[in-house]
Amino acid sequence: LPEYQTATDTGNRTLWVVFVVMLVASIVFAGLSWNVPMSKRLYHIVTCLITIFASLSYFAMATGHGIGYHHVVERESHKHVPDTTYDVYREVYWARYVDWSLTTPLLLLDLCLLAGISGGNIMIAIVADIIMILGGLFAAFGSEGTPQKWGWYTIACIAYLVVIWQLAYNGRAMAMSKGGKVGNFFAAIGGFTLVIWTVYPIIWGIADGSRNMNVDEEIIAYAVLDILAKPVFGTWLIYTHMTMPETNVEI
Ligand code: RET
């Protein structure tokens with residue numbers, strides 16, 4: 001008989017909590033833009049769209065949508081019995097990848113606008129980012145033990161290095177050229193982003209990749225990361241932007 005690895009009430013409650021957090025953050029970000037002229041609302045709008053997409057994805061997952069299974073063959077060896085195999089299916093929350101493929105480009109756009117990097121560099125960072133997320137999606141559905149599962153993971157990690165290069169190298173240089181205040185703020189919020197984002201592929205490897213974390217623990221880990229990467233990041237960005245006119249963008 002196959003075994004199904006699924007979330008329990010703990011995981012499901014966590015999904016609902018994050019849905020509410022994302023919804024409240026969206027309302028707050030929209031509210032903060034109220035008295036800001038349209039020409040200065042770009043960060044507010046981009047950041048609000050990020051939490052709106054996240055709340056939609058969490059609503060889907062909390063109500064049981066956007067979930068598939070990936071297949072594992074488990075082998076059991078006993079002393080007197082020849083190898084027996086049985087099938088394991090683990091939940092894959094693919095709604096996350098829909099969310100991430102829309103929201104990580106928007107998060108990068110926020111950082112690119114702050115740094116003031118060129119259109120070409122923005123394009124490269126965003127396309128590499130989409131390859132990273134879709135590579136992670138293919139890897140998540142790959143059957144365990146197949147070379148292409150970790151192959152896609154490797155491709156996604158290389159794409160992630162391209163993103164880091166664009167932001168940490170080109171982004172930081174451009175932000176510094178806007179003056180010390182913008183440069184220091186970019187280094188701080190960019191460093192925060194780098195640390196949080198780098199934990200995602202680590203959690204992925206432990207949870208989806210090698211199943212050393214159960215589905216509930218995976219949901220909780222991503223919940224903490226998502227709250228730091230979206231509402232906390234967004235609050236920090238918008239408040240700093242409102243008190244630092246040098247961060248204004250003219251598009
Ligand atoms: C995957 C697995 C494949 C390798 C890499 C990954 C990176 C994911 C990242 C996700 C960031 C998500 C954010 C969500 C916002 O709430 C797809 C896990 C490199 C960096 C910031």
Side-chain angles (χ1 to χ4, degrees), residues 14-15 17-19 21-26 29 46-61 66 70 90 92-112 125-142 144 146-168 189-213 217-237:
T14 308
L15 293 171
V17 169
V18 182
F19 162 68
V21 170
M22 295 296 177
L23 191 63
V24 170
S26 307
F29 294 154
V46 171
T47 308
C48 186
L49 290 173
I50 290 167
T51 49
I52 288 176
F53 281 133
S55 66
L56 293 173
S57 136
Y58 269 93
F59 180 73
M61 295 188 289
H70 98 245
R90 183 189 167 105
V92 177
Y93 286 73
W94 57 260
R96 288 190 195 291
Y97 298 89
V98 178
D99 167 344
W100 296 349
S101 65
L102 296 165
T103 57
T104 53
L106 291 172
L107 287 162
L108 289 177
L109 184 61
D110 263 341
L111 289 171
C112 289
I126 286 180
V127 170
D129 177 86
I130 293 171
I131 293 172
M132 170 185 85
I133 300 298
L134 295 183
L137 175 64
F138 289 143
F141 276 108
E144 223 166 82
T146 57
Q148 61 269 45
K149 183 179 184 80
W150 292 99
W152 278 115
Y153 184 82
T154 307
I155 292 169
C157 287
I158 294 168
Y160 181 42
L161 295 178
V162 175
V163 174
I164 296 176
W165 173 259
Q166 288 301 328
L167 273 287
I189 200 166
F192 172 81
T193 302
L194 179 62
V195 172
I196 305 290
W197 283 39
T198 302
V199 183
Y200 281 85
I202 296 171
I203 297 296
W204 193 101
I206 301 172
D208 298 272
S210 61
R211 291 183 303 117
N212 285 310
M213 210 185 238
E217 289 162 348
E218 174 187 336
I219 290 174
I220 294 168
Y222 283 138
V224 172
L225 291 174
D226 284 351
I227 289 174
L228 291 171
K230 290 177 172 132
V232 172
F233 168 93
T235 306
W236 186 11
L237 178 71

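When a ligand or atom number is given, it counts from 1 through the structure's own listing order.
- Heavy-atom proximity to Trp100, at under 4.0 Å, picks out these atoms of ligand 1: 14 (C).
- Under the 4.0 Å criterion applied to side-chain N and carboxylate O atoms, Glu144 and Arg211 are assigned as salt-bridge partners.
- Side-chain contact between Leu23 and Tyr58 is absent, with no heavy atoms from C-beta onward closer than 4.5 Å.
- The nearest non-hydrogen atom to atom 8 (C) of ligand 1, considering only Tyr200, Trp152, Phe138, comes from Tyr200.
- Ring-centre distance between Trp100 and Tyr97: below the 6.0 Å cut-off.
- Protein heavy atom closest to atom 5 (C) of ligand 1, with residue, atom name and distance, is Pro201 CB, 3.7 Å.
- Note on ring orientation: taking the six-membered ring where Trp is involved, the planes of Phe138 and Trp152 are tilted (angle from 30° to 60°).
- For the pair Tyr153 and ligand 1, the shortest N or O to N or O distance does not fall below 3.5 Å.
- For atom 3 (C) of ligand 1, the closest heavy atom belonging to the protein is Ala156 CB, 3.5 Å.
- Side-chain atoms of Tyr153 come within 3.5 Å of backbone N or O of Pro201 as a donor-acceptor pair.
- Residue Lys230 places at least one N or O, backbone or side chain, under 3.5 Å from an N or O of ligand 1.
- Using a cut-off of 4.0 Å between Lys/Arg side-chain N and Asp/Glu carboxylate O, Asp208 and Arg96 are scored as not salt-bridged.
- Of all atoms in ligand 1, listed by their number and element, those nearer than 4.0 Å to a heavy atom of Thr104 are 11 (C), 12 (C), 13 (C), 21 (C).
- The ring pair (Phe, Tyr, Trp, His ring centres under 6.0 Å) test with Phe192 singles out one residue from Trp236, Trp197, Phe233, and that residue is Trp236.
- One option in Phe53, Trp197, Trp204 has a heavy atom closer to atom 18 (C) of ligand 1 than any other, and that option is Trp204.
- Near Tyr160, meaning under 4.0 Å from any of its heavy atoms, are these atoms of ligand 1: 19 (C).
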